[in-house]
Each structure stands twice: as C-alpha cells, then as structure tokens.
Amino acid sequence: MSVTNAVPSPVRLSAVAAPGQPEPSPALEKLYRGFEQELLVPLWTEIGDLMPQAPQSKASPHLWRWDRLLELADEAGRIVPVGRGGERRAIALANPALGGRPYATPTLWAAIQYLMPGEDAPEHRHTQHAFRFVVEGEGVWTVVNGDSIRMSRGDFLPQGGWNWHAHHNAASEPMAWIDGLDIPFSYYTESSFFEFGRDKLNEAELISPQFSRSERLWGHPGLRPVSQLESTPSSPLLAYRWVDTDRALDEQLALEEEGHAVTLSSGHAAVRYTNPTNGRDVLPTIRTEMHRVRGGAGTLARREVGSSVFQVFDGQGTVTVGEHQWQVRRGDMFVVPSWASFQAQADADQASLDLFRFSDTPIFEALHAQRVEVTQPTGSSL
Ligand code: GTQ
Ligand code: FE2
C-alpha cells in the first residue's frame, strides 16, 4: 500500500504555456501532479506574484467618514456594554480588500473607541504597541501603569507594548477617540501575548489630574531627567499635547514665510512624535506625525514602502491616494497602501488642512527595506 498525503494540496498547478515555460505535455502534467501530491510548489509559476518588481498591496485605498463612525459608535454605546472579556468598545476599520478582517492595512489596526459617562474599560496588557489620538471631545483618562493621563482634542498618547492600561470616562458626556495598534502585524507574525489586569481601578487611579506623572517627568522640551539616561524602546512620555503640536506647526510655517527653508515643501509643515530617550519613533512599530498644509497649498506627491492611516484633524481639502480622490473634512479617516501615491491639497478658503498620520515605517526601516519616492512637484495635477 502506498502512503499518500492526507491533506490535499491547496495549490492546483496548471500546465499552461507561459513565457519561458515548457509547452503542456503529459510529462509536464505528471510532474505537476507529483508536486501537488508532495506539497511542492515551483518558483517559476509563482514568481510574478511572490516577487513583484514593486510592492503590490493587497489593501485598497479607502475612506471612512467621521460622522458615520461616530454615529455607529454612539449606537454601540447605547446597546453594547464594555467590560471584561470584550475589553473595549472599539470598532475597527476593515479594509475592503483584506477579506473582512478588522485590519485597516496589512499591518495596522485603526479603531474608533467609545466610552459612555462614568464607564470604565478594564485593565489589561498586551505585546501589541498602541496609541490614542483625540480628534474631538474630552473627559476620558487613560491609566497606564497607574498613571492617569488626560485625553483632549489634539492630544496624542503613545502606549508601548506590555504596559498595564485601563480607560475611565470621568465626564458627563460620552467620548470617542481613535486607537492605532500593530494588531495585524502581531497576528501574522504570531507574536502576541495578552494578560488581564484588575477589573477595577483604585481610588488613587480614578483621580483626574491635569498632567500625568509621565508628563511632569518628561514633558519639558530638551530637558532630560539625569536619573533616566537609558534608552527605552517606547516613549516614556505618555501624552503629547495639542498646544505644543499646534505651535510647532505654526512656527514652521511662520519661519518659512520669513525665508527659512524648514518646511517639507511650500506651505507644508510636519512634525513627528518622538521618543525623548533616543529621538526615534515613539513606538517600535508605528510612526506618528502631524501635518499642516496651509490653505491653498498642497503637499508633494510621494509613495513609500509600508502603509499609513490618516485622520483629518482640522480643515478641509482634497486627498489623492493612487487612483482615488476624496474631498475630506474633520475626523475622516483614510488608508494609503504600500507604494500607493499620496497627495493632499488644502482648500483655499481654509486656514489649513491638518492631517494626523500613522504608519508602519519603523518596521521597514529596521529591516532596511524602506524606500520613498517623491513623484510629483507641488501643485501639479496627478
Ligand atoms: O484600548 O486597550 O482599539 O487593547 C484595540 C485593542 C484598543 C485598548 C483597541 C486594545 C485597545
Ligand atoms: Fe489594550
């Protein structure tokens, strides 16, 4: 009796003539059936898909409107409780080309999270790196290793993997914010660990201080506590406040007007959130930036390895991603797949178009697989 593979090959090789390949023949058929039986796949039938000349993203450019995200999150707030097990009332953007999985891009999770007045999301920790960004509202404190951090419009809160965290709405209104995590990356690379923490925060953690311990220690530009000279993989500064981000962007544009070449291109200022212990990205796997395009100005068109998710923080304008073009406004979120070109244009009647951006770039930089191409000069049509 011959031993055969119990699992049929999912790959059906077909002996179709293609450039540089042999003509179909009984011998070729027999060879391919032999490959199938032994779970073997030759490179020559797969190479175009496996090793394309440039990244061919499975993800599509896509836009989600903020008013709909908020409406549905609010509906969830009224129907779906938050607590141990489900952990978070977080609703993820599912890229239409990624098979219905809750992935904005092949590596990045992007979700709207919602807490009703007085609600708590229970403590847990995981190896996935995370951040929160607030496009509007206030009243929620996130508690990271017992440090309570206020969240208000324009604030950016990074949270490196394996730190305990819970969220608490101390206000009388519901509040929404967005989460970015490397959940899909962690899923595909089979590297996830997760632990439940306490179900309830203690009294000392339910206080709502104006500034967290982390900001009191780290939130002073150019000043480092001399007791803290070790470089850490994620930022120890747990909130980057809008007043600072806003001023940095305004000053960049003002300096440009005074004749100093400090912007990315005419009318396009940008800042990156960085880890004060080493000047690198705030999280090992996620890059985060805020971009400001002055009314009437546009960014250069560029494409790069790795995927991004944007949220419009303020203003209105037109964004072009690959073959797609959208008119966008506050809160709208969109995806830029790997190697798809991106360009943004601020409407002339707006002060500016402010765009919050996060991407998986640090992964590719660490692997020396990052490439960027600026494809069009400012203002020219794509
Ligand atoms: O707030 O802890 O959107 O663990 C996904 C996973 C949020 C969180 C998400 C999470 C969280
Ligand atoms: Fe979490």
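Quantities reported herein were computed from a predicted structural model and do not represent experimental measurements. Note that ligands are numbered from 1 as they come in the structure, with each ligand's atoms numbered from 1 the same way.
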### Task
If a pair satisfies salt bridge (charged side-chain N to carboxylate O under 4.0 Å, His left out) and one of its residues is in residues 319-341, list it, with sequence neighbours excluded.
Arg65-Asp332, Glu136-Arg330, Asp314-Arg330
### Query
Apart from Tyr187 itself, what residues make up its hydrophobic cluster, given side-chain heavy atom links below 4.5 Å?
Leu98, Tyr103, Tyr188
### Query
Does a salt bridge link Glu75 with Arg78, judged by any charged N lying under 4.0 Å from a carboxylate O?
no
### Backbone of Glu205 reached by a side-chain donor or acceptor of Ser148 within 3.5 Å
yes
### Query
Can you tell me if Ser60 uses its side chain to pair, donor with acceptor, with the backbone of His62 under 3.5 Å?
no
### Message
If the threshold is 4.0 Å, N to carboxylate O, is there a salt bridge linking Glu365 and Arg371?
### Response
no
### Query
Has the side chain of Gln21 got a donor or acceptor atom that lies under 3.5 Å from a matching backbone atom of Trp44?
yes
### Query
For the residue pair Phe358 and Phe133, is the inter-centroid distance of their aromatic rings smaller than 6.0 Å?
no
### Asn169 side chain vs Glu119 backbone, donor-acceptor pair below 3.5 Å
no
### Task
Less than 2.8 Å from the Fe ion (ligand 2) is the window; count the protein N, O or S atoms in it.
3
Can you produce the list of protein nitrogen or oxygen atoms under 3.5 Å from a nitrogen or oxygen of ligand 1, alongside each distance?
unit_1	atom_1	unit_2	atom_2	d
ligand 1	1 (O)	Arg88	NE	3.0
ligand 1	1 (O)	Gln113	NE2	3.0
ligand 1	1 (O)	Arg132	NH1	3.1
ligand 1	1 (O)	His167	NE2	2.7
ligand 1	2 (O)	Arg88	NE	2.8
ligand 1	2 (O)	Arg88	NH2	3.3
ligand 1	2 (O)	His124	NE2	3.0
ligand 1	2 (O)	His165	NE2	2.8
ligand 1	3 (O)	Trp109	NE1	2.9
ligand 1	3 (O)	Asp179	OD2	2.8
ligand 1	4 (O)	His124	NE2	3.0
ligand 1	4 (O)	His126	NE2	2.9

